[in-house]
There are 2 protein chains.
Amino acid sequence: MKFSTKDRYALRLMVELANRAPDEFVPLKEISEHQDISLKYLEQIMTPLSRAGLVVSGRGSQGGYRLARLPVQYTAGEILRAIEGELVPIPCLENNAADCPRRGECYTLGFWSGLNDAINRYVDSVTLEDLRQQPLGADDYSI
Amino acid sequence: MKFSTKDRYALRLMVELANRAPDEFVPLKEISEHQDISLKYLEQIMTPLSRAGLVVSGRGSQGGYRLARLPVQYTAGEILRAIEGELVPIPCLENNAADCPRRGECYTLGFWSGLNDAINRYVDSVTLEDLRQQPLGADDYSI
DNA sequence: TTTAAACCATAGTATTTTTGTAGGTTTACA
DNA sequence: TGTAAACCTACAAAAATACTATGGTTTAAA
């Protein structure tokens, strides 16, 4: 049960953009150097963020990426979901889950569904603005 | 970000034991048939549960496994941790995590740590007795 | 003493996911 | 028109997952 590096990198990317001027296009090359992530890998991570409309791209020379909205208008959850798709802890909870014959008699589905709620409630309670505000410890995010 | 089948099976195993008489040894062969999990795979899952002291084994004929305590005395969290080890969402939060040079300036570690807390708080709030009580829907586990 | 069970080891394997790399095409600014 | 950037497609190495197979040793109840 681990989040992927793409998930982690995506958050770092978005924080990097959030810490720039709102109208400034930042090229991936620059982020690549700051964050020690290869340009090509960055591309793969930025693409779904762009497709989801979380960032705006400018092509050609002097192009790059910038946020589409204010940092306070993003949740960590929607960033992670742009990369992961649905943020569910087990396959049975996916939207197009194959209908399991045990479903009606499953003793654990409710538990997993509750975990799903707890996770999504948490990640949607943290905004990009929260992340942007200087490095913080764990305590700052405890409920 | 998915829990493994071993995690899911481990919960189902424990529920199965919880639904038997407390002093009854249940052989893996029986659970294997009930849950459609191969005997050999079951062994692999039961071993860490046994080593962690969550179940008691009886060897020889008429042997099998039974719970070591009452269902209400287990949390889902400790069952999952017996299988997974630490239940952390990213490597940086593991106990023996390589010390990251960015740690002091990381904008996202606090977020992940908060998620870690949310997850562990939830899984430790559900007991095996809760799971045992008939199949339940998601709503029964929402906070 | 037969039998059924845990326990132990170890290996193999197929599949999927993760974590990237490589190379080219299109766009738009200066 | 040169240049720097996004954009697109494909490939590939490594790791994790989810098993199966094999074959035994030890234990204890009937």
Side-chain angles (χ1 to χ4, degrees), chain A residues 1-10 12-13 17 20 23-33 35-68 80 83-92 94 98, chain B residues 1-10 12-13 17 20 23-33 35-68 80 83-85 88-91 94:
Chain A
M1 197 282 296
K2 288 279 199 306
F3 283 79
S4 69
T5 43
K6 279 189 181 175
D7 291 327
R8 286 184 282 122
Y9 288 173
R12 281 166 54 185
L13 284 188
L17 292 183
R20 303 304 190 96
D23 54 350
E24 178 192 0
F25 278 113
V26 183
L28 284 188
K29 191 185 175 195
E30 207 175 311
I31 300 180
S32 167
E33 284 157 7
Q35 303 279 345
D36 284 320
I37 306 172
S38 88
L39 185 63
K40 285 304 192 178
Y41 201 31
L42 267 188
E43 273 187 11
Q44 283 186 32
I45 296 163
M46 200 57 107
T47 298
L49 296 178
S50 180
R51 293 233 170 96
L54 301 189
V55 296
V56 172
S57 67
R59 303 184 64 163
S61 183
Q62 311 301 312
Y65 293 96
R66 61 175 173 78
L67 293 186
L80 295 175
I83 300 296
E84 281 241 351
E86 295 176 84
L87 218 57
V88 293
I90 57 166
C92 319
E94 278 163 8
Chain B
M1 197 282 297
K2 288 278 200 306
F3 283 78
S4 69
T5 43
K6 278 188 180 174
D7 291 327
R8 286 183 281 123
Y9 287 174
R12 281 166 54 185
L13 285 188
L17 292 183
R20 304 303 190 95
D23 55 349
E24 179 192 0
F25 279 113
V26 184
L28 284 187
K29 192 184 173 195
E30 208 174 311
I31 300 180
S32 167
E33 284 158 5
Q35 302 278 346
D36 284 320
I37 306 174
S38 90
L39 186 62
K40 284 302 191 181
Y41 201 32
L42 266 188
E43 270 188 15
Q44 288 183 33
I45 296 163
M46 199 58 108
T47 297
L49 296 177
S50 181
R51 293 231 170 99
L54 301 188
V55 297
V56 171
S57 67
R59 302 181 64 160
S61 184
Q62 311 303 311
Y65 294 95
R66 62 174 172 80
L67 294 187
L80 295 176
I83 300 295
E84 282 240 353
V88 292
I90 58 167
E94 278 163 9

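Chain naming here is simple, since letters A, B, ... match the order of the sequence lines and numbering starts at 1 in each.
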Proximal nucleotide (of D:dA6, C:dC7, C:dG20) relative to the A:Arg59 side chain: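 It is D:dA6.
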- request: Tell me which nucleotide among C:dG20, C:dT19, C:dA5 gets nearest to the side chain of B:Pro27.
  value: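 Of the candidates, C:dA5 comes closest.
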Calculate the interatomic distance between [X] atom [atom1] and [N] atom [atom2]; express it in whole Å.
X: A:Glu84; N: C:dT17; atom1: CD; atom2: P; answer: 12 Å
X: A:Ile45; N: C:dT21; atom1: CD1; atom2: C1'; answer: 13 Å
X: B:Glu30; N: C:dA5; atom1: CD; atom2: P; answer: 9 Å
X: A:Lys6; N: C:dT17; atom1: NZ; atom2: C1'; answer: 10 Å
X: A:Phe3; N: C:dT18; atom1: CZ; atom2: C1'; answer: 15 Å
X: A:Lys2; N: D:dT17; atom1: NZ; atom2: P; answer: 9 Å
X: A:Leu42; N: D:dC8; atom1: CG; atom2: P; answer: 17 Å
X: B:Gln44; N: D:dA21; atom1: CD; atom2: P; answer: 13 Å

Is any side-chain nitrogen or oxygen of [X] closer than 4.0 Å to OP1 or OP2 of [N]?
X: A:Arg51; N: D:dC8; result: yes
X: B:Tyr9; N: D:dT17; result: no
X: B:Ser61; N: D:dA30; result: no
X: A:Thr47; N: D:dC8; result: no
X: B:Thr5; N: D:dA18; result: yes
X: A:Tyr65; N: D:dC7; result: yes

query: Do you know which two heavy atoms are closest between B:Val88 and A:Lys2, and how far apart they sit?
result: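 In this case the closest contact between B:Val88 and A:Lys2 is O-CD, 3.4 Å.
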- prompt: Which heavy atom of A:Phe25 sits nearest a heavy atom of A:Gly64, and at what distance?
  reply: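 Smallest heavy-atom distance, with atoms named: CD2-O, 3.4 Å.
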- prompt: When the nearest nucleotide of DNA chain C is assigned to A:Lys40 and to A:Gln62 on a heavy-atom basis, which residue is associated with the more 5' position?
  reply: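 Checking each residue's closest nucleotide, the 5'-ward one belongs to A:Lys40.
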field: Which residue lies more 5' along DNA chain C, comparing B:Gly63 with A:Leu39 via nearest heavy atoms
entry: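 Going by which nucleotide is closer to the 5' end, it is B:Gly63.
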message: For A:Ser38, is there any backbone N or O sitting under 3.5 Å from a side-chain donor or acceptor partner on A:Ser32?
response: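 No, A:Ser32 side chain to A:Ser38 backbone: no donor-acceptor pair under 3.5 Å.
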query: Given B:Leu13, which of B:Leu54, B:Leu42, B:Val26, B:Val55 fulfils the side chain to side chain contact (heavy atoms under 4.5 Å, CB included) condition?
result: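 That would be B:Leu42; it is the only one of B:Leu54, B:Leu42, B:Val26, B:Val55 passing the side chain to side chain contact (heavy atoms under 4.5 Å, CB included) with B:Leu13.
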- request: Go through B:Arg20 and B:Glu30 one step at a time and tell me if the salt bridge (charged side-chain N to carboxylate O under 4.0 Å, His left out) criterion holds.
  value: CA-CA 12 Å; B:Arg20 304 303 190 95; B:Glu30 208 174 311; 2.9 Å; yes
